[in-house]
Amino acid sequence: MNLFTLSLAYIRARALNSALNLLLLALGIATITVLILFSAQLESRLTKDARGIDLVVGAKGSPMQLILSSIYHVDIPTGNIPYTSIDALRRNPMVEGVVPLALGDSFRGFRMVGSEHSYAALYNAELDIGALWDRPFEATLGATVAEATGLGIGDSFVGSHGIADSGGPVHDDRPYEVVGILEPTGSVLDRLVLTSVESVWFTHDAHHDEHAHDEHEDEHAHDEHEDEHAHEEHEDEHAHEGDEHAHDEHEDEHAHEDEEHAHGDHKEEHADDDHGHEEHGHDEHDGDEHAHDEHDGEEHGHDEAEHAAEADLADREITALLVRYSSPIAAVSLPRQINSQTALQAAAPAFETARLLSLVGVGLDTLRGFGLLLIFTAALGVFIALYNAMQQRRYDLAVMRSLGATPGKLLRQVILEGLILSLAGTALGLALGHGVAEILGQILREGRDLGLTGLAWQPAEWSLIILSLFVGIVASVIPAIQAYRTDIAATLSTR
Amino acid sequence: MTDVNAGAGAEPAVALNGLRHEIGGREILDIAEWTVASGRHALLLGPSGSGKTTLIQILAGLLTPTAGRAAIAGQDLAELGARQRDRFRGQRIGIVFQTLHLVGALTVAGNLRLARHMAGLDQDEARLTRVLESLGIGDKANARPHRLSQGEAQRVAIARAVINKPVLILADEPTSALDDTNCDRVVDMLSAQAAECDATLLIATHDGRIKDRFEHRLELSERP
C-alpha cells in the first residue's frame, strides 16, 4: 500500500470512466504522434532526396510537377527537352555539375531512370553487389527494387512503357540485365531502376518506330540466328546489343530525323541557336573519327555505331537535368536565364519543396488542431471525473485524514491519480500512434514510396509527453485542492 | 513527538480540563474535568445534539476546542503542529465511525493497510491476518466492502481502528443500527480488541442497552 497503489485502486474502482478518459487522451496523442512522425519523415525525406540539387531544368509546365517527377519520382514528367541542353549548362561557369535524367519506363511499378553514374553519386549510393550500369541495357537496382522483385545479378527483365503502376506496353524485345544492386540509401534511389540514358533512348526508338523495330528483328534472324525465338539468344544478344542496336539506330534515325524536322522545327532551331558552338566541335570530332574508322576495317561496325550515337545527340531528348551550382550567385541569374528560353524551364527544389510543405502544412495544421482538441477534451474528461470523484469520495478523504493522512498527502494522491491517467493515456497514445504510422507506412503505396515508418522516434514526441504531464496536473489540481481542504469534522458530522 | 509511548500507562488515557467548545457563538460543550485512567473503558452518554460527536472529534484531534485542555496519554493535542497531530492520531487513536466509512475502492485488507500507510507505519501482514481472524472475518481479507454484510462491515471498521495498536479507541454510536444480539456482540468485540492492545475504549452512545456495560461514564446533556 502506497499512494501509487491507492491511486490505482481508485482508478480501477471507476474502470469504465477511467478507460474512456484514457482512450480519449490516447486518441488525441495518437493523432498528433502520427502527424509528428509523418511530417518529420516527409520533410526529412524531401530534403534528403533534393540534397545536392540546386536546380532542375526540364520542359515547360508546372515547376512543382517538374520537381515531383524528376527528383521525387512521384508525378509524370512535364515533357522532354533536347539532349543538347546539357552542353550549354556544362559550359556555364556557374554550374558545377549536371546530371541528365531520361524517364518514361517502369518495371513492376518501380521507375526506370536513364542517367549517368553521377546520379547515384548524388545520394552517396554504395554498391551492395555487382557494378554500376555501364553498357546500354545494363541496369543497377535500388535496394527496395531488388528486395521487392527478387532480381539478382545476371537476371534479365523487361521494362514497360509508362510510369504508372500497371504499366503500359511491355518492351519485351529489349530485356535489361541486372549488373548491380545498391545498398539502401534511405532516399528515392532505393525505389529506382538505374540504367544509361542510351538504354531509354533505344527502348523508345524501337517502341515508337515499329518499322525499324521489325527490320531490326529481321536482321538479327538473318545475320546471326537460325531460331530467333530461342530464349537464350536474348542473353547472347546482350553482349552485342549496344553496337548492333546503335547500328540500327543509324538507319532508323533518318526516318526519325525527318519526322522531327516536320514536327518540331522551332525546337531544333532553338537548340541550334543555343549550342551552335558545341555542335561544331562535335561535328568536327565525328568527322575525324569517321575518317579514322575507314582505315580500320575490322572495327568498322563498332566505330560506325559510336559515330551514329554521337551524331544522334543533336536529336536526342531527355526528360530533365539536375543542376548543382558552383556559386550561390547562380541561384539569382541562372533560373531566370533558363526560364527566358522558350522551351526550357528551371525550377528550384528548395523553393518548390517549401511550397509543397506549406500546402500540405495547412492539412497537417488542421489535423494537429483536431488532435489538440482531443487532448483538451480528454483533459476536461479527466478533470470532470476527478472532480466528481472528490464529491463521492469526501468520506474517504475524511477517513484518510482520521487515519493520520496529512492534507498534503491527499493532495498528492489526487494529483498522482490524474498523472497516472494522463501518462497511461499518453503511453497508449504513443504506442497507438507509432503502430498506426507503421501500418499506414506499410499498406499505403505513398507510405512505402516515402519510406514512412512508425519505428522511429521524433524529439517532438518528448514535448507531447510533457504536454500530457501538464494536462494531468492541470486536470487534477482543482480536485486535489478540494481534497486538501476537506473539512473533515464537518464531513464526518454529516449523517 | 519522538516517543508517543512516553507516559502511556502512567498518564491517564484521557484528561479533560475546563474544556469548552463553541460553534458560531453557540456553546456545544462545557466540561470542567474528566479523566479516564489508562486501560479503562468509558461511555459518553447523551441524546442527539448533546455534543458527543464534537467531543469525539476533539479527542481525535480533528477539532481544536475553543478553550481548555484535552490530553491523550498526557499529550495535549492543541500543542501539536498540524502534521504531528495527524501523525499522532494515525498512530495512537483508532476511530470507529457510526457509518463505518470503509473505502470502497479497496479490499478489506486494503482498508487495513491504508490505516497503517496513512499513519506512516510499515505493513504488518501477520498482525493484519491476526486481527481479521480474531474478529472472525479472516476469509474476507480480499473481499470488497460492498460485498460484506452489515455485521461483517462493522468488524472491518473495528479491525481498521485497532490495526495500529492505538492507546485510545473512539467509537461513535457503534450499536445504533444493530439488534440486541449484535449490539452485545459488537460491544464485546470492541472490549476484547481494546484489551488486546491495552487500549482505552471510549464509546459515545445514546443507546440505553449498553449503559450498564461500563461503570465509568460521562453524561452530556442536551443543549437548549
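Just so we're on the same page: letters track the sequence lines, and every chain starts at 1.
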**Message:** Show, in sequence, the C-alpha distance, side-chain angles and deciding distance for B/M118 and A/V399, and conclude whether the side-chain contact (heavy atoms from CB on, under 4.5 Å) test is met.
**Reply:** CA-CA 10 Å; B/M118 288 306 182; A/V399 164; over 6 Å; no

**Prompt:** Considering all heavy atoms of both residues, which atom of A/N2 and which atom of B/H117 are nearest to each other, and what is their separation?
**Reply:** CA-CE1, 3.6 Å

**Message:** Measuring from atom NE2 of B/H101 to atom OG1 of A/T491, what distance do you get when rounded to the nearest 0.5 angstrom?
**Reply:** 8.5 Å

**Prompt:** Can you tell me if CD on A/E147 sees more than 12 non-hydrogen neighbours from other groups inside 6.0 Å?
**Reply:** no

**Fill in**
side-chain contact (heavy atoms from CB on, under 4.5 Å) test vs A/D396 passes for just one of B/V103, B/L102, B/L106, namely B/V103

**Asked** Contact part of B/I56 toward chain A, heavy-atom cut-off under 4.5 Å: side chain, backbone, both or neither?
**Response** neither

**Request:** Would you check if A/I488 and B/Q57 make a side-chain contact, meaning some heavy-atom pair closer than 4.5 Å?
**Result:** no

**Asked** Is it the backbone or the side chain of B/L62 that comes under 4.5 Å from a heavy atom of chain A, or both, or neither?
**Response** both

**Proximal component of B/L114, with respect to chain A [non-hydrogen, under 4.5 Å]** = both

Pairs of donor and acceptor atoms involving the side chains of residues 368-392 of chain A, under 3.5 Å and at least two apart or interchain, shall be tabulated with distances.
residue: A/R368; atom: NH1; partner: A/D365; partner atom: OD1; Å: 3.1
residue: A/T377; atom: OG1; partner: A/L373; partner atom: O; Å: 2.6
residue: A/N388; atom: ND2; partner: A/I384; partner atom: O; Å: 3.4

**Message:** Please identify, among B/R116, B/R89, B/R113, the residue contributing the most non-hydrogen atom pairs under 4.5 Å to chain A.
**Reply:** B/R89

**Asked** For chain B, which residues from residues 24-40 of chain A lie under 4.5 Å away (heavy-atom distances)?
**Response** none

**Request:** Taking heavy atoms only and a threshold strictly under 4.5 Å, list by residue number the residues of residues 405-435 of chain A that touch chain B; give 'none' if the list is empty.
**Result:** A/A405, A/T406, A/P407, A/K409

**Asked** Does any heavy atom of chain B fall under 4.5 Å from the side chain of A/L3, the backbone, both, or neither of them?
**Response** both

**Request:** Might you point out which heavy atoms bring A/S402 and B/I95 nearest each other, and give the distance in Å?
**Result:** CB-CD1, 3.9 Å

**Asked** Is it true that atom CZ of A/R485 has more than 12 heavy atoms of other residues, nucleotides or ligands lying nearer than 6.0 Å?
**Response** no

**Which portion of A/R14 sits near chain B, non-hydrogen atoms under 4.5 angstrom** = neither

**Complete:** Counting heavy-atom pairs under 4.5 angstrom with chain A, the leader among B/G94, B/A115, B/A119 is B/A115

**Asked** Quick one: ring pair (Phe, Tyr, Trp, His ring centres under 6.0 Å) partners of A/Y484, sequence neighbours excluded?
**Response** none

**Request:** Let me know if B/A60 has heavy atoms under 4.5 Å from chain A in its side chain, its backbone, both or neither.
**Result:** neither

